[in-house]
Colleague: 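Structure provided below as structure tokens; questions to follow.
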Amino acid sequence: MTTSRSSRRMTGAERREQLITIGRGIFAERGFEGTAIEEVASRAGVSKPVVYEHFGGKEGLYAVVVDREVTQLLLQMRSSLSPAEPRALLESSALALLTYIEESPDGFRIIVRDSPRGAASSTFQSIIGDVGHRVEGILAEEFTRHGLQAEHSPMYAQMLIGMTVTLGQWWLDTRSPDKTTVAAHLVNLAWNGLTGLQVEPELRTERP
């Protein structure tokens, strides 16, 4: 007699994925400190030793969850850094972050929180650093072209990134207006400044 998939025992790989999914949900809801291995095991219908066998503890499970989210967001952000023209870069970067938040709100909640001591070093800050270096290079070229001081480009890169990330954290819970409108207003402020704001800003680049 053939055993149905729903009643058969999970393989080790399937159990691991199940625990990661459950852990991800609890970490997003309660944070690292508020998450207990007992609850992860209970929701998975297994004993605590099974969770420890796969991850060595809560820190190990958290590290795997964070690493996956960071990898996904980093891929999206890096792909958005292809436009050479500064405004296109700003628009695509803002949309990439907002798209990730829209598609993976739990993941964003997890990676913007502080990591526990001993957790994996691949955190949200690593993404910010990676994007920052790319933005610095582009800004430096533009500063030089316009007779500005290129050594100030790292400072301006951090301003842009910080503004985008903070806006993303706010939009995570509000979700209004839509991401394209939010990105357009971000670019409006960053590109035109307070003295040159447009009444109804729109993005110029292709939307994802």
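Just so it is clear, the values below take in all heavy atoms, side chains as well, and ignore hydrogens, waters and symmetry mates.
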Colleague: Minimum heavy-atom separation for Gly57 and Ile37, please, with both atom names.
Modeller: C-CD1, 4.1 Å

Colleague: Quick check for you: to the nearest 0.5 Å, what is the distance between Thr166 atom OG1 and Leu186 atom CG?
Modeller: 10.5 Å

Colleague: Once rounded to the nearest 0.5 Å, what's the spacing between atom CD1 of Ile111 and atom CG of Asp67?
Modeller: 11.0 Å

Colleague: Between Leu75 and Ile161, is there a shared hydrophobic cluster once you connect ILVMFWY residues whose side-chain heavy atoms come closer than 4.5 Å?
Modeller: no

Colleague: Looking at Ala184 and Leu203, what are the two nearest heavy atoms and their distance?
Modeller: CA-CD2, 3.4 Å

Colleague: Please assess Leu139 against Leu160 for the test side-chain contact (heavy atoms from CB on, under 4.5 Å), listing each intermediate value before the final yes or no.
Modeller: CA-CA 11 Å; Leu139 288 180; Leu160 289 174; 4.1 Å; yes

Colleague: Can you check whether Ser153 reaches Glu142 side chain to side chain, under 4.5 Å on heavy atoms?
Modeller: no

Colleague: Among pairs that include at least one residue of residues 95-106, which meet salt bridge (Lys or Arg N to Asp or Glu O under 4.0 Å), considering only residues two or more places apart or in two chains?
Modeller: Glu102-Lys179, Asp106-Arg109

Colleague: What I'd like to find out is whether the side chain of His185 reaches to under 4.5 Å of the side chain of Leu189, using heavy atoms alone.
Modeller: no

Colleague: Is it the case that the side chain of Asn188 and the backbone of Gln198 share a donor-acceptor pair, with hydrogens and angles ignored and the cut-off at 3.5 Å?
Modeller: yes

Colleague: Ignoring hydrogens and angles, state whether a donor on the side chain of Gln18 or Glu14 is under 3.5 Å from an acceptor on the partner side chain.
Modeller: no

Colleague: Any luck finding a side-chain donor-acceptor pair between Ser104 and Gln72 under 3.5 Å?
Modeller: no

Colleague: Testing the basics here: between Val182 and Pro177, what is the closest heavy-atom pair and its distance to 0.1 Å?
Modeller: CG2-O, 3.5 Å

Colleague: Taking it one step at a time, do Val64 and Arg16 satisfy side-chain contact (heavy atoms from CB on, under 4.5 Å)?
Modeller: CA-CA 11 Å; Val64 172; Arg16 179 181 174 84; 3.7 Å; yes

Colleague: Using a strict cut-off of less than 4.0 Å between a Lys/Arg side-chain nitrogen and an Asp/Glu carboxylate oxygen, indicate whether Lys48 and Glu38 qualify as a salt bridge.
Modeller: yes

Colleague: For Leu61 and Gly23, work out which heavy atoms get closest and say how close.
Modeller: CD2-CA, 4.1 Å

Colleague: State, with a plain yes or no, whether a side-chain heavy atom of Glu91 is found less than 4.5 Å away from one of Trp191.
Modeller: no

Colleague: List the residues meeting ring pair (Phe, Tyr, Trp, His ring centres under 6.0 Å) with Phe143, not counting sequence neighbours, and say none if there are none.
Modeller: Tyr156

Colleague: Do any pairs count as a salt bridge (Lys or Arg N to Asp or Glu O under 4.0 Å) and have a residue in residues 182-199, sequence neighbours left out, and if so which ones?
Modeller: none

Colleague: Please find the pair of heavy atoms, one from Gly132 and one from Ala157, that lie closest to each other, and give the distance.
Modeller: O-CB, 4.0 Å

Colleague: Any side-chain heavy atom of Gln169 sitting closer than 4.5 Å to one from Ile101?
Modeller: no

Colleague: Distance check, rounded to the nearest 0.5 Å: Arg15 atom CZ versus Ile20 atom CD1?
Modeller: 13.0 Å

Colleague: Is there a salt bridge (Lys or Arg N to Asp or Glu O under 4.0 Å) between Arg68 and Glu17 once you walk through the steps?
Modeller: CA-CA 12 Å; Arg68 286 192 175 190; Glu17 289 302 315; 2.6 Å; yes

Colleague: Is any side-chain heavy atom of Thr35 closer than 4.5 Å to a side-chain heavy atom of Tyr62?
Modeller: no

Colleague: Return the CG to OG1 distance between Leu98 and Thr164, rounded to the nearest 0.5 Å.
Modeller: 8.5 Å

Colleague: What's the separation between atom CH2 in Trp171 and atom OG1 in Thr181, rounded to the nearest 0.5 Å?
Modeller: 10.0 Å

Colleague: Parallel, tilted or perpendicular: which one describes the rings of Phe27 and Phe32, with boundaries at 30° and 60°?
Modeller: parallel

Colleague: Are Val46 and Val40 close enough that some pair of their side-chain heavy atoms sits under 4.5 Å apart?
Modeller: no

Colleague: Take atom CD of Glu151 as the centre, draw a 6.0 Å sphere, and report whether it contains more than 12 heavy atoms from other residues, nucleotides or ligands.
Modeller: yes

Colleague: Measure the shortest side-chain to side-chain distance between Pro105 and Leu172 over non-hydrogen atoms and say whether it is less than 4.5 angstrom.
Modeller: yes

Colleague: With the side chain counted from C-beta on, respond yes when Leu148 and Thr144 share a heavy-atom pair under 4.5 Å apart, and no when they do not.
Modeller: no

Colleague: So, taking the atom named CE in Met77 and the one named OG1 in Thr99, what distance separates them when rounded to the nearest 0.5 Å?
Modeller: 10.0 Å

Colleague: To check you understand the geometry: which heavy-atom pair defines the closest contact between Ser80 and Ser92, and what is its length?
Modeller: O-OG, 2.7 Å

